There are 2 protein chains.
Amino acid sequence: MPKKEIFCPVEVTMGLIAGRWKVIAIHYLFDGPKRFNQLQRELRGVTHRTLTKQLREMEGDGIVLRKDYKEIPPRVEYSLSPLGKSLKPILLALHEWGEAYCKKEGANRIK
Amino acid sequence: MPKKEIFCPVEVTMGLIAGRWKVIAIHYLFDGPKRFNQLQRELRGVTHRTLTKQLREMEGDGIVLRKDYKEIPPRVEYSLSPLGKSLKPILLALHEWGEAYCKKEGANRIK
DNA sequence: CTTTACGGTATCCTTTTTGTGCGTACTTGC
DNA sequence: GCAAGTACGCACAAAAAGGATACCGTAAAG
């Protein structure tokens, strides 16, 4: 999205979670800390470049934590910060609504 | 967003409301039906082309209704469908979280 | 007679986002 | 000794989103 002045809190939140893989990444991170490649495999389809970018953005926004163990071969763990965990109600709301929507969609297709 | 297979309901919902002006438009439509130009003025900054596109997409997804009065000069009213209105909890969650985030941001800046 | 408003469509262009593929430094397993 | 895995960075390319502008037909206002 191009830059735009944001006045409404709703947009603030959207600005932080809008990103092709962010919500799903957050979703998976609710299971607990994950290593980079583990996450990438779970998200099936992200390239490392994109995943890195989105995780780093979320780190910058304070919703994801990055722990670099400085080992060789590299080991990096991503996890949700408390702020990130506080997104749970939103994720739940999105999930619930999406599920209901899909059911309705299915029902409509039968007609 | 480029095309991508969607497996998770969370993504379904995000796919429908991700769009530069969609959530704010929905926000304003919670006030009641609005005419096109009225909405455009309220959203300060959208071009009519973009607003048209986003409204039509939402119409296609079933969350917005479009009533064309077939008058001259044209009169078209947009409103939320019941499905659109059912997004309220999500909007509220986004709003609440965004507000809390902004306060925290402000607090951090003072440090 | 000109301007303004309405609700768009069509065309072109810029910005933003995401993907592709290569390179890296080092270790472990075969 | 060679491949595979780890967590990226980087240059380049493609795709998608959004914006700028012109135009349309009609009518009311000035």
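As the structure is a computational prediction, the values presented were derived from the model and not from experiment. Chain A is the first sequence line, chain B the second, and so forth, proteins listed ahead of strands; every chain is numbered from 1.
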> So which pairs with a foot in residues 45-97 of chain A pass ring pair (Phe, Tyr, Trp, His ring centres under 6.0 Å), sequence neighbours left out?
Replying inline: A:Trp97-A:Tyr101

State, to 0.1 Å, how close [X] and [Y] come at their nearest heavy-atom pair, and which atoms those are.
X        : Y       : result
B:Thr47  : B:Gln40 : C-NE2, 3.9 Å
B:Cys102 : A:Val12 : SG-CG2, 3.9 Å
B:Lys104 : A:Leu83 : NZ-CD2, 4.0 Å

>> Does anything in residues 52-64 of chain A come within less than 4.0 Å of DNA chain C? Heavy atoms only, and list the residues if so.
In response: A:Lys53, A:Gln54

Nucleotide nearest [X] when distance is taken to its side chain, options [options]:
X       : options               : result
B:Tyr78 : C:dT18, C:dG8, D:dA27 : C:dG8
B:Phe36 : C:dG19, C:dG8, D:dG19 : C:dG8
A:Val76 : C:dG19, D:dC8, D:dT6  : D:dC8

> For the pair made of CZ in A:Arg20 and P in D:dA15, what is the distance, rounded to whole Å?
Replying inline: 14 Å

>> For a 4.5 angstrom cut-off between non-hydrogen side-chain atoms, does A:Leu80 reach A:Leu65?
In response: no

> Reckon B:Arg41 has a side-chain N or O less than 4.0 Å from the OP1 or OP2 of C:dC6?
Replying inline: yes

Mind listing the N/O atom pairs, protein and nucleotides 20-22 of chain D, below 3.5 Å?
| from | atom 1 | to | atom 2 | distance (Å) |
| --- | --- | --- | --- | --- |
| D:dA20 | N6 | B:Arg49 | NE | 3.3 |
| D:dA22 | N6 | B:His48 | NE2 | 3.2 |

Side-chain donor-acceptor contacts of residues 23-35 of chain A below 3.5 Å, not counting sequence neighbours, with atom names and distances?
| from | atom 1 | to | atom 2 | distance (Å) |
| --- | --- | --- | --- | --- |
| A:Asp31 | OD2 | A:Lys34 | NZ | 3.3 |
| A:Lys34 | NZ | A:Glu42 | OE1 | 2.9 |
| A:Lys34 | NZ | A:Glu42 | OE2 | 3.0 |
| A:Arg35 | NH2 | A:Pro74 | O | 3.2 |

>> Can you pull out the residues from residues 65-72 of chain B that lie within a 4.0 Å heavy-atom distance of DNA chain D?
In response: B:Ile72

>> List the residues meeting salt bridge (Lys or Arg N to Asp or Glu O under 4.0 Å) with B:Glu57, not counting sequence neighbours, and say none if there are none.
In response: B:Lys22

